[in-house]
Amino acid sequence: MHAASEAILIVEQLQVSYRSKEQARPILHGLNLTLHQGETVCLLGESGSGKSTLAKAITGLLPPSAQVGSGSLALAGGIAVDLADDNGSGSIPWQRIRGTELALLFQDARQALNPVMTIGQHFKETLLDHRKAKPDEVESISCRLLRKLGFTDPLVLLSSYPFQLSGGMCQRICLAIALCLEPKVLIADEPTSALDTVSQREVLSLIRAMQLDLGLTVLLITHDLAVARAVSDRVIVLDQGRLVEQGSVQRVFSQPKALFTRQLLAYRSQVSAPAKLRSTRKSSACLLEVRRLHKSYDANQPIVRDASLTLDEQEIVGVLGQSGCGKSTLARCIAGLETPNAGSILLRGTDISGLQGKARREICRRIQMVFQDARASLHPGRTAQQLVQEPLQYLRIGNKQERIALASHYLQEVGIEGEAQYRKPPQLSTGQCQRIAIARALVLKPEVLICDEAVSALDVRIQAQILKLLKRLHKQYRFSILMISHDVSVLRSFCHHIAVMSDGRFQEGKQASVRLHESSQPHTQLLLRCAGDLEEVRI
Amino acid sequence: MAVLLRKLMEALLTLICATVILFMLIRLAPGDPAVLLLGQPSEVAAMHTEVYEQKAAELREQWGLDQPMAIQYVSWLGRLVQLDLGTSLHTGRAVSAELAERLPATLQLTAAALAVQLLLGFWLGIVSALKAGTFSDQLIRLACVTLASTPAFVTGLCALLLFAVTLGAYEISSEASWSRLWLPALTMGLASMPQFARMVRANMLAELGQTYVLAALSRGLARRRVIGQASRNALLPLVTVTALSAATFASGAVVIESLFAWPGIGKYALDSILRKDYPVIQGYAFVMVTLVILIHLCVDVLYAYIDPRLQRKRRQVTRGVNEHA
Amino acid sequence: MRRSGFIVILAGMLIMAACSSNTGAPAADTDNAQAQEQAEELVIADQQIAASLDPVEPLTTSYLVSVGAAETLFKVNADGEVDAALAASARELDPNRWEITLREEARFWSGKAIDADAVIASLERSRELDLQAQPFLDGLRLEKSDDYTIHVHTERSHVPVPLNLSYYQTAIHNAEAEHDAVESMDLTGMYQVIEFVPKQKMVLAAYEDYWGTKPTIERILHEEISDEQTRMLSVLSGRSHIALKVPVTSLAQFQDSDTAEVVASQAANTQTIYFNLARPQLADERVRQALSWAIDREELIILAAEGQSVPVTTWLGSNPAYAEASDSVYPSFSNETAEQLLDEAGWQLADDGIRYKDGLPLSVRLMTWGGDKALGEALQSQWSRVGINAEVRHGDYSLIQTARETGDWDASIEAWSTFGDPYTLLSGQYAPGSSANYGGYDDAQTNEWLAQLAESADPAEQREWALKINERVAQQAPVISLFPRPQLTAVSTKLQGFEQHFRQFENIVKANMRWEAE
Amino acid sequence: MHSTRRSVSLIAGTVLLGLLAVLIAGAHWISPYDPVQQHAAERLEKPSAQHPFGTDRFGRDLLARTLHGGQITLLSAMAALSGALAIGLAVGLAAGMFHNSLLDRLFMRMIDVLLAFPFMVLAMVVAALFGTSLFHLLLAVIAVGWVTFARLARSVVLQARNETSFAAARVLGASNRTLILRELAPKALSPVLILATFELGSLILSIAALSFLGLGAQPPTPEWGSMLADGREYVLQSPHIMFGPALFIMLSVLAFNLIGEGLRDRLDPYEKPQL
């Protein structure tokens with residue numbers, strides 16, 4: 001819709017590679033990119049596709065190990081820069097470009113703020129350094145901006161520190177700080193990936209609003225198809241450092257040309273496809289019951305309060321909630337990693353909460369857990385085989401041969417075969433790591449598998465594969481699954497029942513996932529609305 | 001407030017444990033203090049043993065050396081509470097007075113050496129971090145490592161030889177005057193600087209890798225300002241180190257002080273240890289231990305002020321936000 | 001960053017500059033004044049200085065006497081003769097009574113007369129409060145005869161009272177004064193203390209109304225520089241004029257210097273190895289004799305004393321008055337004799353170069369302290385040549401004392417003064433139970449001769465007995481005498497009149513010291 | 001370029017250490033002289049072809065003494081370090097594993113107390129308590145040295161306990177022993193070892209300083225600290241006596257520090273933006 005307006009940023013022939021251990025690993029292969037005044041362009045790609053490198057390259061923030069082979073940057077004000085010059089020589093006037101021409105938003109907004117400076121100091125420093133305001137004007141300018149971004153009490157905010165604010169608030173503040181210099185182009189690098197659905201929705205709509213309000217040009221970098229569809233005018237798809245497709249958002253999503261784009265869309269629809277699950281048999285026995293569980297580290301701020309939940313045999317139950325609602329702590333209590341302050345956890349009628357030593361370890365055979373960051377849960381120095389054998393060794397199951405056989409079997413089950421069984425995590429992909437983690441959990445033949453955000457951080461393709469794998473294994477080995485996530489669409493497609501958690505408790509019991517939208521709880525409705533907005537509504 | 005109180009209690013407990021160890025150590029050390037006091041070799045070895053023994057017994061009683069350990073400890077503690085550190089066996093003067101006399105000289109030297117260490121260490125550490133991996137970084141690190149590898153008494157002796165004898169620019173006397181300060185301060189500061197520089201460099205590199213540095217750069221802030229921010233954050237954790245090295249300096253650089261005839265606490269402590277002047281060693285060690293514990297306490301409290309992240313009691317800001325824009 | 005680095009450097013330089021200008025400015029102002037003062041003030045660097053001002057405190061008097069602040073009634077001159085000092089004269093009235101005449105013109109700094117009452121009060125105070133004064137005052141009863149005459153009654157006959165009263169522990173002070181501050185102390189010396197920082201410095205000025213020859217040098221600064229190298233450097237740099245207790249090892253460093261020179265003399269102290277006779281291997285006289293024969297004293301003197309001494313083989317040998325006794329027993333070094341003695345004693349040389357008897361090695365652990373480390377090391381090397389498993393343990397003196405108390409020691413080195421009344425000296429060393437008889441030496445013959453020495457009235461006869469005892473002890477070798485401890489003092493070439501004295505506390509300040517004419 | 005430069009210090013340190021080790025281990029072949037044998041006739045000789053480092057006051061060859069002294073100094077420093085390291089690691093791991101337990105509090109209190117003592121004073125008092133010998137000196141060094149390692153190990157362990165892999169191992173049924181040995185100890189080991197290489201350097205200096213004060217090796221054992229103390233007496237006349245031990249102390253501390261620097265760069269490679 002803005003196709004006719006003037007080009008505000010042109011990147012040509014951008015080639016970037018990383019040096020590691022003597023050899024150069026190319027990341028971007030001669031990328032061309034043009035942004036026009038006032039449009040929102042989405043740069044879509046999987047992790048490792050080079051999209052963040054692009055953002056850093058055009059703002060001159062590449063680490064020293066990166067090398068720009070070629071590339072030029074032209075900005076509206078007649079600024080033209082040869083990016084290949086930028087190897088620490090200081091020949092490029094970045095100070096004139098950054099902030100005033102190009103503003104950048106980072107994925108983890110809290111990390112992007114200096115932890116020992118108040119928000120007000122950030123504004124002050126930014127404004128004064130660019131001579132955009134006199135010292136006495138700083139407060140009024142920043143207050144005005146913050147108010148515009150929906151903060152009703154900006155003065156309180158100005159005197160707070162980043163660690164006192166939620167991730168969503170930090171991202172909004174970063175946006176405000178970026179906007180106070182009135183930049184022409186805003187580059188947002190995965191600005192919402194670290195946020196839960198509600199905050200995600202808020203931040204995206206703010207970016208959109210600001211764009212329309214101030215005539216900003218936005219380059220939004222994301223791996224999330226929903227985000228791309230919700231906010232962008234134009235989509236550019238990046239695969240392994242190459243531009244594979246670009247076009248208007250409607251066109252790309254309705255008639256994808258490139259094979260890669262088509263695959264992405266297919267995976268996405270798999271992941272978020274409405275549930276086609278048979279509802280569980282009414283007769284099935286209750287396997288796990290959480291009764292009025294209470295957990296707090298600090299008496300004033302309980303994390304889990306009075307949470308109750310049941311999990312039947314062979315049932316898949318989803319726990320949905322915003323970040324910080326206590327769902328992970330609940331999972332850790334069930335897995336025996338935390339001792340609850342009050343309440344009980346019954347496994348087939350026996351209380352297993354707060355067991356120590358040998359008794360706790362015996363429960364490990366029956367309850368297993370898969371973590372969000374699979375790679376971090378695996379020891380980097382051990383092979384896949386060894387990693388899967390670990391629990392068998394810990395619990396002294398079988399002799400050496402039996403262990404090897406068992407491990408091989410389960411590794412094959414999750415699709416790690418042949419030579420890959422003898423590789424170590426650093427040489428394996430994120431998806432493979434998650435598969436090993438699953439194999440490791442299943443090798444003990446547990447009755448309950450807890451998946452704590454097990455697929456949240458993954459690219460949609462891998463997400464789809466892992467979910468498919470879990471479904472197959474569930475069918476085959478007949479364990480129950482407790483799926484913890486903030487992603488409504490994933491849970492809806494995967495779980496029989498969903499329980500919504502907020503503020504450390506379940507507002508109502510578990511609901512059949514197909515009937516979740518019938519819930520009368522306002523919080524459930526909010527979660528559904530935000531997710532739904534992203535799915536279907538353009539912001 | 002409750003946190004402060006708990007810290008205070010902890011510090012007190014540490015202090016009490018320390019006094020027990022101190023007391024045991026000194027009491028177990030060889031040599032009867034009474035004999036040591038009386039039996040210093042003098043001109044003629046003709047002591048009349050009855051008188052001598054009688055005197056020694058009197059002294060033992062006076063110092064309470066013949067009582068059970070526990071009682072000695074309690075009475076010692078009781079005197080400590082009244083700030084009575086005892087009387088030097090060697091000079092017969094109050095230990096507190098003797099320590100107080102030497103404190104200014106030591107503090108003077110401490111301040112100067114600390115200044116050398118901080119200024120030089122800070123500067124070299126930051127430069128080295130900013131130029132990490134380059135030739136100048138390697139050069140600075142090599143220089144620091146070399147300096148750290150040289151025994152302080154070697155450097156000190158060479159400096160003394162050069163400045164006092166060859167150049168005649170330094171006056172050797174026993175006085176703690178300002179004109180005599182620079183050489184020991186420089187020697188001491190240079191000896192402890194490399195470690196500090198190394199920590200500054202490591203912390204600075206860690207800070208420079210943080211996202212907020214990138215974010216600040218992306219806002220087009222001046223290089224100097226970004227470095228300033230990062231170095232401020234890099235130095236925060238070094239407050240403890242600095243305070244502790246101040247404590248180490250204050251407890252007396254034994255070798256440096258005796259080499260430069262600086263009338264400070266370190267030399268006094270060494271002399272007393274060699275002379276087995278128990279009240280002095282006890283008093284000295286007690287003061288130093290208390291000092292270190294106090295410094296730890298102060299640093300804890302100080303952090304609460306300078307590092308906002310540690311102000312746990314601060315509420316989360318949730319007010320003042322529209323749920324929807 | 002280049003700029004901020006520059007700022008930091010600049011700041012550093014400014015601070016340095018501030019420091020130096022702080023001191024530089026007044027220094028420049030007072031430069032002339034200081035130069036003049038420099039010419040007048042005598043700076044003495046010592047290993048230790050007084051810790052207090054009260055002359056009854058241990059060691060304090062020693063420093064007060066050596067810088068000329070305190071005086072004793074008598075004085076021993078460089079030839080070892082007793083002269084009158086604060087006292088005008090002394091006379092032996094009968095074997096148990098001496099008469100001491102005082103100087104009527106002498107005054108304490110406060111102006112108080114130094115009369116018989118004052119002197120008796122002073123000596124009584126020393127006797128009461130200073131344990132180290134005990135040996136010299138024990139058995140003496142002081143009686144005022146008239147205002148300026150004292151009669152001293154002795155328990156033992158022929159006690160050399162003037163000699164006893166020449167030790168620094170008997171320095172005369174005003175017993176009524178407090179002696180706790182410069183203002184309150186009251187002594188008699190030619191230099192009056194005007195400033196005092198304990199263990200750091202003492203400033204003295206010439207006392208106007210001194211009874212004797214008034215010193216030409218107006219002021220003295222006596223300061224403590226305990227590190228010997230630093231002390232030496234302070235003389236070489238020209239800052240100090242006298243550095244005491246200069247280590248022998250630094251002798252060569254003064255050879256090329258035109259700022260200072262070293263005055264060396266042998267003290268009347270014998271470096272002596274004491275043996276613990278309770279040890280089975282050392283209880284055997286032959287082993288001890290062998291240990292003595294095996295010592296090459298010439299080499300020891302080169303290795304441990306830079307050649308600044310001469311061998312003595314008997315204890316009294318370092319006293320100039322007994323010079324003929326210096327090598328009366330082991331006239332030469334002989335490893336053959338040593339080996340022969342050891343063979344006789346049943347210690348057989350084994351393949352590892354060490355002698356064994358009944359399967360036990362012949363071990364001697366030698367304890368050293370202070371500046372005797374090199375001596376110990378040289379001895380170890382010499383002894384191991386005849387098959388002795390010698391071990392050296394260098395530490396501080398308290399370790400030796402503790403070891404002696406517990407009896408867990410073989411040998412240790414110490415150097416006692418050999419100047420003085422022969423009975424006091426020898427009984428202190430060899431009478432059973434006396435304080436320097438560490439090894440428990442108890443020989444009937446020696447004891448008998450000691451008793452006879454005590455009885456003896458005639459100096460010549462005393463000398464005879466002393467020599468006999470000295471020789472017998474050397475024969476039996478409960479101790480081994482090595483050489484007189486060399487005593488080195490570095491003296492600025494600007495200073496004239498410095499006179500070395502074998503008594504350490506008498507060898508610093510003299511009234512006739514003066515500056516070399518420019 | 002970055003990564004190759006970084007390992008320069010590691011390579012340099014290793015090469016230097018290797019060289020020193022070869023020299024020290026081959027002391028017998030390099031210098032034919034007995035390090036203890038005295039030759040009064042050859043005392044205080046200046047460096048020459050016969051005695052490359054000259055001779056000391058007893059006419060002993062200084063090269064031989066320096067090299068043999070290296071065996072003693074380095075071995076004793078390493079022995080003290082391993083002692084301190086072992087205690088420190090054990091205490092740190094235990095305290096970290098059972099965080100907030102009575103054991104942990106007890107250890108932390110001990111650490112606090114020991115940290116409050118000035119190192120030199122404690123070392124001197126302990127050395128005086130047991131008597132002066134190298135062995136006792138090492139005991140003293142261990143008695144105060146373990147604290148640093150324990151603190152570091154504990155903090156690393158506390159961090160590692162919050163990591164996913166620790167939780168994963170617990171969920172998989174690992175016992176406390178397994179957790180400590182397989183999960184925590186390997187994580188604590190590398191930072192502790194890096195600290196140890198630096199500590200080894202300062203330990204050599206500390207032992208030298210204490211020997212210098214007469215609290216270390218007993219004569220005639222060649223040890224760098226006491227050799228320096230001996231040489232100091234002749235500093236103006238025969239400065240060459242100090243040269244050997246001073247040089248070797250410097251070089252060995254340098255080697256360990258270089259290795260430490262290199263190892264640390266390798267362990268946490270930094271990635272800073274171009275400023």
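If you're wondering where the values come from, they're calculated on a predicted model, not measured in any experiment. The chains referred to below are lettered A, B, ... by the order of the sequence lines, with proteins before strands, and numbering in each begins at 1.
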Given heavy-atom pairs under 4.5 angstrom as the criterion, report whether the side chain, backbone, both or neither of [X] touches chain D.
X        : answer
A/Arg332 : side chain
A/Gln393 : side chain
A/Arg396 : neither
A/Leu444 : side chain

Q. Using non-hydrogen atoms and a limit below 4.5 Å, what part of residues 151-181 of chain D faces chain A?
A.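 So the qualifying residues are D/Thr164, D/Ser165, D/Ala167, D/Ala168, D/Ala169, D/Arg170, D/Val171, D/Leu172, D/Gly173, D/Ala174, D/Ser175, D/Thr178.
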Q) Can you tell me how far CZ of D/Arg182 sits from CD of A/Glu390, rounded to the nearest 0.5 angstrom? A) 4.5 Å
Q) Would you find more than 12 non-hydrogen atoms of other residues, nucleotides or ligands less than 6.0 Å from D/Arg109 atom CZ? A)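 Enclosed.
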Q: Report the residues that fulfil side-chain contact (heavy atoms from CB on, under 4.5 Å) with A/Ile404, sequence neighbours left out, ordered by chain and then residue number.
A: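 Counting only residues at least two positions away or on another chain, A/Ile404 forms a side-chain contact (heavy atoms from CB on, under 4.5 Å) with A/Gln385, A/Gln389, A/Ser408.
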Q: Would you please name every residue forming a side-chain contact (heavy atoms from CB on, under 4.5 Å) with D/Ala94, sequence neighbours left out?
A: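 Listed in chain order: D/Leu103, D/Phe107.
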Can I get a per-line list of side-chain donor-acceptor pairs under 3.5 Å for residues 138-149 of chain D, giving both atom names and the distance, sequence neighbours left out?
{"residue": "D/Trp146", "atom": "NE1", "partner": "D/Ala143", "partner atom": "O", "Å": "3.1"}
{"residue": "D/Thr148", "atom": "OG1", "partner": "D/Gly145", "partner atom": "O", "Å": "3.2"}

Q. Of the listed residues (A/Arg360, A/Met369, A/Arg375), which shares the most heavy-atom pairs with chain D below a 4.5 Å separation?
A.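 Looking at each option in turn, the highest pair count goes to A/Arg360.
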